[in-house]
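Note that ligands are numbered from 1 as they come in the structure, with each ligand's atoms numbered from 1 the same way. Here the structure is a predicted model, which means the values were calculated and not measured.
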Amino acid sequence: MSLDIDKIRADFPALHQTVNGRPLVYLDNGATTHKPQAMIDALVNFYSLDNSNVHRGAHALSDRATEKFEAARQTLAEFINAPESRSVIWTRGSTESINLVAYSWGRQNLSKGDRVLVSMLEHHSNIVPWQLVAQEVGAEVVPIPITDEGIIDLQAYEALLDDRVKMVAFAHVSNALGVIHPVQKMVEMAHRVGAKVLVDGAQGAGHFLADVQQLGCDFYTFSGHKLFGPTGIGALYGKAELLEAMPPWLGGGEMIESVSFAGTTFNKLPFKFEAGTPNIADAIALAASIHYLNGLDKQALIDHEAQLLAYAEEKAKAFEGMRVLGVSHEKVCVLSFVLDGVHSADLGMLLDQQGIAVRTGNHCAQPAMEALGVDGSVRASFSFYNTLSEVDRLFEALEKAREFLI
Ligand code: PMP
């Protein structure tokens, strides 16, 4: 089935602007996606009509805000196929979700001699929180090697799995390369030695890959702003029995059942992990983005992205001196590449001058870049609202940039 991309693009106001005199070609969706008008309207409506605090008011506006806020949690739970909405904790995004698990679960369950495995491809936010907690408790963070093709080396992973390993943390999709990891298989392998698994879904959710029951992971994290929603909102999914057993990591209002100087008791899930006034408006607006996505033909979006990737990779093969990082199969629509003799930052600047937005550098994944023997790359990351003619624009602009630089 073919998509009406023009109609979809009309729903995203930020796509329709010129940059440096050229129509914008936005290929930085891995950093953040643009927002549908429905999400922007939901934000404006909340502050214009429903603005109130949740869970505590004795008035109509507070009831309305609470109802919409909790309905948003349910929408999100259904989107990732969580078995129950109390398993979905609102956070500021993937970074905060990983920190929540590292501090709450990690401090309770990790001790001297234990190991946390993280892949070499991880974003810094799925390395550093584990290092901080490991330092505190005397555990060790051990990298899972990757192959030259930029995929996790499953044999090396298997060899690392023993009873010292208590947690395995890796991204669903590598932000630096777009490669999709074999999550189900890696989860099964980790569970065999009794380790828990956290999947960083920051780059998975926006490509419709997040089905936590199918993946079988213990924790799944993501950021709303990479899912066509606002910044500053995201979520942690955790298996309810694990979240139940974990201590709170932030204290304050909302997360308590009763407070006294003799001792404080904590609220039930999910509120135990949501201290203070939550990000109500952005949670509701994220749900509006998901409702918008639910109204589109998801399989058609996935097929369209696959078509964009195939077209971009074909062009990349024909482009002299271009080395694409990562395998060409099992990936989302990302082209992460280096050009012989050209620094990625220079290339990024010349693309920007032609109205093309990409990301350059190490993509907050320094160990991954080191393992692949490069100091950075240009990353063109696509979404379903990108077009084949935008792929053409990218390669025309690259040709011009190369003429200028070499
Ligand atoms: N993990 C991955 C794979 C990412 O791509 C990102 C964002 N670039 C993050 C974690 C962190 O997400 P955020 O900054 O939204 O918390």
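- Contact annotation: for S125 versus ligand 1, heavy atoms closer than 4.0 Å belong to the side chain alone.
- Contact annotation: K226 has at least one heavy atom less than 4.0 Å from an atom of ligand 1.
- No donor-acceptor contact under 3.5 angstrom links the side chains of E96 and T91, judged on distance only.
- Summarising the contacts of atom 14 (O) of ligand 1 with N99, T91, V173, T95, the nearest heavy atom is found in T95.
- Paired with V173 under the rule side chain to side chain contact (heavy atoms under 4.5 Å, CB included), one option of V179, L209, V199 passes, and it is L209.
- Not close to ligand 1: N126, with no non-hydrogen atom less than 4.0 angstrom away.
- Every atom of ligand 1 is numbered from 1 in the order shown, and the set under 4.0 Å from a heavy atom of S223 is 12 (O), 13 (P), 15 (O), 16 (O).
- Between F384 and F228, the distance from one ring center to the other falls under 6.0 angstrom.
- Here the protein heavy atom with the shortest distance to atom 4 (C) of ligand 1 is H123 CD2, 3.4 Å.
- Residue contact annotation: H225 has a non-hydrogen atom under 4.0 Å from ligand 1.
- No side-chain heavy atom of E370 sits under 4.5 Å from any side-chain heavy atom of P367.
- Contacts with ligand 1 closer than 4.0 Å are made by no heavy atom of E122, backbone or side chain.
- The contact set between ligand 1 and A202, taken as ligand atoms under 4.0 Å from a residue heavy atom, comprises 1 (N), 2 (C), 4 (C), 6 (C), 9 (C), 10 (C).
- Under the 3.5 Å distance criterion, the side-chain polar atoms of R379 are matched with a main-chain donor or acceptor of N175.
- Ligand 1 places these atoms under 4.0 Å from at least one heavy atom of N175: 3 (C), 5 (O).
- A centroid separation of 6.0 Å or more is found between the aromatic rings of F395 and Y311.
- Distance from atom 1 (N) of ligand 1 to its nearest protein heavy atom, with residue and atom name: D200 OD2, 2.5 Å.
- The aromatic rings of H34 and Y385 are tilted relative to each other, their planes meeting at an angle between 30° and 60°.
- Listed by number with element, the atoms of ligand 1 under 4.0 Å from a non-hydrogen atom of Q203 are 3 (C), 4 (C), 5 (O).
- For F271 and H55, the gap between ring centers is short of 6.0 Å.
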